[in-house]
Amino acid sequence: MGELLAIYRLAVRDIRHRSAQAILLLLAIAAGAATLTLGLSLQGTASNPYARTRAVTNGPDVVATLFSDGSNAPGPNAGSTPGAGGGSAGGGQPDTAALSPLEHASGVVAYSGPFPVTWTVFQTGHTTGSVEVEGRSTAASSVDQPKLLQGSWVRPGGVVVEAGFANAFNLHVGDRLDLGGVTFPIVGTAVTAAIPTYPDTCSKGEGCILVNAASSYNPGLVWATEANAQQVVQATSGPLAYYLNLKLSAPADAAAFAGRYNANASSTDPSLVSWQRIRDGDAQVVLKVQLILFTGSWLLALLAVASVVVLVGGRMAEQTRRVGLLKAVGGTPRFVAVVLLAEHALVGLGAACVGLVVGWLAAPVIDSPGAGLLSSSSAPTLSAATVALVVVLALGVAIVATFVPAIRAASQSTVAALEDSARPPRRSEAVIRFSTKLPPALLLGARLVGRRPRRLLLSAFSVAVATCGLVAMLILYATTAGWSLGPRVTQATTIISVMLVVLATVNATFISWTTALETRCPAALARALGATPEQVTIGLTVANLTPALVGALLGIPGGVVVYDLAKHGGSTMLPSAVTLLVMVTAMLVVLGVLIAIPTRIGSRRSVADVLQ
Amino acid sequence: MTDTDGPWALRARGLRKEYGSGEGLVRAVDDVSLDIARGEMLAVTGPSGCGKSTLLHLLGGLDRPSGGELWLAGERIDRYSERALAHLRRKQVGFVFQAFHLMDELTAQENVELPALLAGRSPREAQQRARQLLQQVGLADRAGHLPTMLSGGQRQRVAIARALVNETQLVLADEPTGNLDSAASSDVLRLFQAVRGIGLTVVIVTHDERVAAITDRRVAMRDGAFVGDTRSGGSTRGNLADYTGIGG
């Protein structure tokens, strides 16, 4: 009982006593825990919002699309890749009679349409882009009646905007929208299950179509009255197609129904898309986010391990005298090891809690289906398995990183620990040979920093991992330039980027702090022999920045490899050399400042005080 | 193995501590034999680097000898494992260091409680004992203070209270007044006299002539070996319980 109290008291008091270090350690582990929580909470969330929306809107089981003449039909076969269904405006009127057999086909129990559809350019304020305009009846349809989220349903002269599209462009009821030169007020926003939500409208199923010079990527969806849709077609001489929404007696067989029909269809026949395929299109955003989080989690986990190793190493360097003291008053090596492990396990536990809370709070932002689908009204729940996994991971990282240094510290000689003598440096012939050619400040820095080669490797490694992640994000943006990634993908990339930068910063701070701490005696001795504080600061900063520069340079090709491994097909567009140069320079400047601060503070202490 | 010859608190025979090897071999403690009686107060003096502190570390089980035999309270301890030495330090030895060596994150009261908790005392018992000792060293009103809020003399008094908390029979002090001014040194010396007054065995490593003067016996060291052993005739046996309350 008494020993337990002593362990608890020593662990908690030391955390409080050196709270800044404990917070940094907590941040490092919490970043990984939060990402893991997010990643786990995404599992299985892709289909639920679609199912809810489909139920509420009585969504179609199959959507048939009929294009003009079928000559440039950008249906599912032609246009499943953005932009691939390139077609030009024009073409003759489609013959809606081709859709009639489907209305009465075996297995079809209800239908709505056919509804005219056209593609054109929209403009609102200074924003332009492509848009799909679907003509609808002012009366409610039995199949696929979009669920209004705001305002009212279409009326002559008034259009309804798909909610995901409205959200992305900040469109509201009452705003005016120019559709191919014809301006309409927005009277409502709504969701549908008949087409993938923005920005993946053309990712699956419906395809895309080039409209004049406007980009066809990710058109938004607007509902207008059938007359207004025809008005847009006439004003723009745009393409015209028809949608027919079918309800089947066996919705689960929709994919087979569509497959059988498409297999025997000619180019002038309508093409059919099942609800399952539309659902998969809706899942694209979540899948992208999952991919980003998954890749980011790996990078963050690598960085977190490096962080924890650096942080624990730094803390242990400060604990030497404490270890000696505990042993002097009767603490066994086991007791000392347990105190050190308990302290870091407590931080790990705190980090797990912080990670779970942050992940839980961020989950609605990342996990939500976006404005284009109906989300659950209840807050996301954390399953017991998720909580257990995150806690085990956080505790595991803390304990694994602490175990070896704790055992090493506990088995240290009591007398040596009490004297808190500096660990003998590792001498590298190469460093000695190289540094003799340097000016005094750099020679000093190289020799001091070169005492701990493993720490230099960790420094280079953490900067390389952070650079890898940032370069992969830059490639993602460079490759997808010209079409929107959607707000949630942007959020996911931002979260991962910020976490990578935060962890890399934590690492840099701790590495420089630990180096400053461990080299305080030799640095003070150098000053006693005539080196100025500036020489010591510059020397240590430059010497610490060198591995960071190597890490940053290695991280650039590393980022390309990470992106290539993570992407699902498609090309890779590298960011410009200027962008990379700016990123690396900015990173090194920040690191340089972070390294210089503790070194400078350390060099302000009086030489006598340090050497005493 | 036990040593039951005489009332010895500590007995060393041919004690050695060596560092390095070959031509670089350094004998920090060289063939030292020593008997310290129960209740005796001994000063170890000598120039810097003569091996005084190393000897003290060996006597208290903080370090293991390279050779020789060492008995503490009748038990041979020179072959003890690290774990056994830790248990020994809990029950048998109290240390007082020149640099105080208090835990910065614990209050004065908690610093004193720590060895008691490690020795298996209940929290309540440890608390009562620590409170009592702090009162006896005149720091009852500083019990809740962190070491950084105490003066050097006060810190050393906390360290002395910590050394006594487990009612050990042996107190080892390494330059206990080395970091203190004259007034604080006098306070600490009076405390050591009080400790001796209650019958504990005290070994003090010191440069300070005033410290050596209050002891029963003085051994001088040079180059790791004893070069002198004189008794002062017990003239300093005094009762300072009126100052500290210890032994009163």
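Owing to the predicted nature of the structure, the values given are computational and were not obtained by experimental measurement. Chain letters run A, B, ... following the sequence lines, proteins first, then strands; residues in each count from 1.
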**Student:** Please determine whether a side-chain nitrogen of the Lys or Arg among B:E113 and A:R9 lies less than 4.0 Å from a carboxylate oxygen of the Asp or Glu.
**Tutor:**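 Judged by the 4.0 Å cut-off on N to carboxylate O distance, B:E113 and A:R9 do form a salt bridge.
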**Student:** Can you tell me how far CZ of B:R89 sits from OG1 of A:T414, rounded to the nearest 0.5 angstrom?
**Tutor:**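 Taking OG1 in A:T414 and CZ in B:R89, the distance rounds to 4.5 Å.
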**Student:** Under a 4.5 Å heavy-atom cut-off, does chain A meet the side chain of B:R83, its backbone, both or neither?
**Tutor:**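 Both backbone and side chain.
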**Student:** At a heavy-atom distance under 4.5 Å, which candidate from B:E105, B:H87, B:R90, B:K91 has the highest pair count against chain A?
**Tutor:**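 Heavy-atom pair counts peak at B:E105.
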**Student:** Would you call B:L118 and A:F335 a side-chain contact if the rule is heavy atoms closer than 4.5 Å?
**Tutor:**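 When only atoms from C-beta onward are counted, A:F335 and B:L118 do touch, with a gap below 4.5 Å.
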**Student:** Does any backbone or side-chain atom of B:R162 lie under 4.5 Å from a heavy atom of chain A? Answer side chain, backbone, both or neither.
**Tutor:**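 Contact with chain A involves the side chain of B:R162 alone.
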**Student:** I'd like to know if B:E110 pairs up with A:R13 as an ion pair, taking the criterion as any Lys NZ or Arg NE/NH1/NH2 lying under 4.0 Å from an Asp or Glu carboxylate oxygen.
**Tutor:**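 Salt bridge present between B:E110 and A:R13.
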**Student:** Atom OG1 in A:T332, atom CD in B:E82: separation rounded to 0.5 Å?
**Tutor:**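 Answer for the OG1-CD pair, A:T332 versus B:E82, is 9.0 Å.
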**Student:** Closer than 4.0 angstrom, basic N to acidic O: yes or no for B:D104 and A:R321?
**Tutor:**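 Result for this pair is yes, salt bridge flagged.
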**Student:** Flag the pair A:E3 / B:L117 as yes when at least one side-chain heavy-atom distance between them is below 4.5 Å, and no otherwise.
**Tutor:**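 Not in contact.
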**Student:** Can you name the closest pair of heavy atoms from A:G331 and B:A86 and give their distance?
**Tutor:**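 The answer is O-CB, 3.6 Å.
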**Student:** Let me know if B:L102 has heavy atoms under 4.5 Å from chain A in its side chain, its backbone, both or neither.
**Tutor:**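 Only the backbone of B:L102 comes within 4.5 Å of chain A.
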**Student:** State, with a plain yes or no, whether a side-chain heavy atom of B:L114 is found less than 4.5 Å away from one of A:L10.
**Tutor:**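 B:L114 vs A:L10: side chains touch.
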**Student:** State whether the number of non-hydrogen atoms from other residues, nucleotides or ligands found under 6.0 Å of B:D223 atom CG is greater than 12.
**Tutor:**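 Open.
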**Student:** Under a 4.5 Å heavy-atom cutoff, which of A:L5, A:L326, A:D14 has the most pairs with chain B?
**Tutor:**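 The candidate making the most pairs under 4.5 Å is A:D14.
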**Student:** Identify which part of A:R18 has an atom lying under 4.5 Å from any heavy atom of chain B, answering side chain, backbone, both or neither.
**Tutor:**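 For A:R18, there is no contact with chain B at all, as no heavy atom is under 4.5 Å.
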**Student:** About how many Å separate CG of B:L62 and NZ of A:K327, when rounded to the nearest 0.5 Å?
**Tutor:**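 Between atom NZ of A:K327 and atom CG of B:L62 there are 10.0 Å.
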**Student:** Is atom CZ of A:F403 surrounded by more than 12 heavy atoms (other residues, nucleotides or ligands) closer than 6.0 Å?
**Tutor:**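 Atom CZ in A:F403 is not crowded, with 12 or fewer foreign heavy atoms closer than 6.0 Å.
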**Student:** Which atom pair, heavy atoms only, marks the closest approach of B:F95 to A:A328?
**Tutor:**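 That closest heavy-atom pairing would be CD1-O, 3.6 Å.
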